[in-house]
Protein chains: 2
Amino acid sequence: MHDNNKQTAAARIFSELQQAILDGQLLPGSKINEAELATRHGCSRGPLREALQRLEGLRLIQREAHVGARVISLSDQQLTELYQVREVLEGLACRLAATLMTKQAKDELKTLLDTHRRYLEEDGQQKYYPQAGDLDFHYLLIRSSQNALLISQLGDELYPLLQLYRRQFRDSGYQQPELAYKEHLHIAEAIMEGDGELAEMLMRKHIARARKRLKYILTT
Amino acid sequence: MHDNNKQTAAARIFSELQQAILDGQLLPGSKINEAELATRHGCSRGPLREALQRLEGLRLIQREAHVGARVISLSDQQLTELYQVREVLEGLACRLAATLMTKQAKDELKTLLDTHRRYLEEDGQQKYYPQAGDLDFHYLLIRSSQNALLISQLGDELYPLLQLYRRQFRDSGYQQPELAYKEHLHIAEAIMEGDGELAEMLMRKHIARARKRLKYILTT
DNA sequence: CAAGCTAAGATTGTTAACAATTCTGGGTCT
DNA sequence: AGACCCAGAATTGTTAACAATCTTAGCTTG
């Protein structure tokens, strides 16, 4: 039995770069210099280019032949597109989760919502927990769909993009914690009752509402 | 102004390999030898590895560090997952298309359906046209959504996978041309009337029906 | 002075060799 | 015979140099 812990250099650089983009160390629109980044991350251009290829697949950077790569910079239009796709995919996740969710995941969901509620009661101004809690809520439902393709598309591709957008537009994505909590509660109830159609519709409304709020903010 | 026709070697190899996989020249499950493929396609391993990276992003191959790449081989479960995701994404495309479709695209759609009908009337046994026609129909609606992310996810990622699945399971995906034509007609009518909600629902039912038929075929 | 050309520099694309890991076949031992 | 080990071969990961393309700064010209 061999230890399989060692990851390849390209994989490590990929993680580091993705983190750097999402953390804001590499700003949207900024040009990427292969030689410089390679030396900074302690490898040659080969593995770095593989990492760039993966980042392009996740739409976090854009490349042009013989010109180079830039961190993606997002338009309002693209943000709308992202929310439209997310809306139907997470709706599907909810519909599936309503049928497939395990007892253990249901308990986890209850605990999550309880914690969320306590934080709201204690201090409505605390924003840091609800943001993380929001992510936890959505990730839990996505995972519960038991659809590997869906989980990958949402978790690996769309959510990193969403995170980048939120940073770029300086949007917490969670500016009405009380309303969001109530919507989460309704979604969870539908799932607990096994009503997939209702859960799907509620999640779609939940995300559509966030999209409309964003649109309102962006156009004013 | 420079001619920008020249594409990079990696891009060319990527296209060739994708085509080879979808054509069945590279069979699902078969191992990919980098050195051999590189020489066969007339380049070194560098560009070839970039192409493999992109293919992995499209989920057409799977790679494992220090072991290598294999063409993906799909389970019934994965086929179901694909159809579930496709169902909601194409539903979204229809909803958007109903509002955004241009006059020109609407004319194109009418022509498409007319041609389809004529082929059915002339010879119900002719399967080759309806298959292509089915693709044309879905692609036209997808493009009409005017959502670049959606178009890319469906056209670049999901449809190639679907094509591979159909080959692997020897399924034309179009075994009831008359029914499919009628469903297409209803979808088109809803779009022409600008009823996005109805168009979305009809498309979802259309794809869900195909998924259930597939499931039935696979379990018997 | 602006537009256009040119050559040098910088950057990306590609290659071939080298390093690290895995696979394979034969041998040994129980 | 079957499990284990080991060395060589094959394959993948990485590197550094080379080739091709783009960019830029300076010069020329009208």
Side-chain angles (χ1 to χ4, degrees), chain A residues 1-21 25-73, chain B residues 1-21 25-73:
Chain A
M1 201 68 68
H2 294 231
D3 279 354
N4 223 354
N5 305 358
K6 262 192 199 169
Q7 61 178 352
T8 184
R12 179 175 57 81
I13 309 300
F14 165 75
S15 294
E16 292 176 5
L17 286 181
Q18 169 161 320
Q19 204 57 45
I21 292 174
Q25 298 162 31
L26 287 175
L27 294 175
S30 63
K31 179 133 188 344
I32 285 173
N33 184 312
E34 294 184 358
E36 182 209 335
L37 264 191
T39 57
R40 184 182 319 167
H41 288 265
C43 72
S44 67
R45 283 175 54 222
L48 181 108
R49 283 171 64 89
E50 286 212 9
L52 292 184
Q53 199 81 30
R54 281 188 69 181
L55 289 172
E56 187 185 24
L58 299 188
R59 301 172 218 275
L60 287 174
I61 69 173
Q62 286 179 323
R63 300 175 80 192
E64 197 179 346
H66 301 292
V67 175
R70 309 189 89 89
V71 179
I72 198 175
S73 176
Chain B
M1 199 67 69
H2 294 232
D3 279 356
N4 222 353
N5 306 358
K6 261 191 198 169
Q7 61 177 349
T8 184
R12 180 176 56 83
I13 311 299
F14 165 74
S15 294
E16 292 176 6
L17 286 182
Q18 169 162 310
Q19 205 56 46
I21 291 174
Q25 298 163 29
L26 287 175
L27 294 175
S30 63
K31 179 132 186 346
I32 285 173
N33 184 312
E34 293 184 0
E36 182 208 335
L37 264 192
T39 58
R40 183 181 321 167
H41 288 263
C43 73
S44 68
R45 283 176 53 224
L48 181 110
R49 283 171 64 88
E50 286 210 10
L52 292 184
Q53 199 81 30
R54 280 188 69 182
L55 290 172
E56 187 184 23
L58 299 188
R59 303 179 157 84
L60 287 175
I61 68 173
Q62 287 178 322
R63 299 175 80 191
E64 196 179 348
H66 300 291
V67 174
R70 311 191 86 91
V71 179
I72 199 175
S73 177

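Please read all numbers here as calculations on a predicted model, not as lab measurements. All chains are named by letter (A, B, ...) in the order of the sequence lines, taking the proteins before the strands, and each is independently numbered beginning at 1.
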TODO: For the pair B/R63 (side chain) and B/A69 (backbone), establish whether a donor and an acceptor sit closer than 3.5 Å, ignoring hydrogens and angles.
DONE: no
TODO: Whole angstrom is fine here: how far is it from CG in B/N33 over to P in D/dA9?
DONE: 18 Å
Open item on the list: I'd like to check the salt bridge (Lys or Arg N to Asp or Glu O under 4.0 Å) partners of B/E56; sequence neighbours left out, ordered by chain and number.
Closed with: none
Open item on the list: Exactly one of B/I61, B/L58, B/L26 should register a side chain to side chain contact (heavy atoms under 4.5 Å, CB included) with B/Q18. Which one does?
Closed with: B/L58
Open item on the list: Any residue in residues 52-63 of chain A with a heavy atom nearer than 4.0 angstrom to DNA chain C? Just list them by number, or reply none.
Closed with: A/R63
TODO: Starting at atom CD1 of B/I32, determine the distance to atom P of D/dT11, rounded to an integer number of angstrom.
DONE: 14 Å
Task: Close residues, residues 9-16 of chain A, relative to DNA chain D [heavy-atom separation under 4.0 Å] - done: A/A9, A/A10
Task: DNA chain C contacts made by residues 34-50 of chain A, counting heavy atoms under 4.0 Å - done: A/E34, A/R45, A/R49
- [ ] Can you figure out which of D/dG13, C/dG13, D/dC22 approaches the side chain of A/T8 most closely?
- [x] D/dG13
Open item on the list: Distance check needed: C/dT12 P versus A/H66 NE2, whole Å only.
Closed with: 12 Å
TODO: Can you see which heavy atom on B/I72 is nearest to which on B/Q62, and at what distance?
DONE: CG1-CD, 4.2 Å
Task: Any B/K31 side-chain N or O less than 4.0 Å from OP1/OP2 of D/dT12 - done: yes
- [ ] For B/R70 and D/dT11, give me the distance from atom CZ to atom P, rounded to whole Å.
- [x] 13 Å
TODO: Locate the shortest heavy-atom distance separating A/L17 from A/A51; write the atom from each residue and the value.
DONE: CD1-CB, 4.3 Å
Task: Atom-to-atom span, CD of A/Q7 to C1' of C/dA20 - whole angstrom - done: 16 Å
- [ ] Work out which heavy atom in A/G68 is nearest to a heavy atom in A/K31; give both atom names and the distance.
- [x] CA-NZ, 4.3 Å
Task: Shortest non-hydrogen contact between A/H41 and A/R12, atoms and distance - done: O-NH1, 3.6 Å
- [ ] List the atom of A/L48, the atom of A/C43, and the distance in Å for their closest heavy-atom pair.
- [x] N-SG, 4.2 Å
TODO: Search all heavy atoms of A/I21 against all heavy atoms of A/V71 and return the closest pair with its distance.
DONE: CG2-CG1, 4.0 Å
- [ ] Could you list the residues that satisfy side chain to side chain donor-acceptor pair (under 3.5 Å) with A/H66, not counting sequence neighbours?
- [x] none
TODO: List in chain and number order the residues that pass salt bridge (Lys or Arg N to Asp or Glu O under 4.0 Å) with A/R54, two or more places apart in sequence or in another chain; answer none if no residue qualifies.
DONE: none
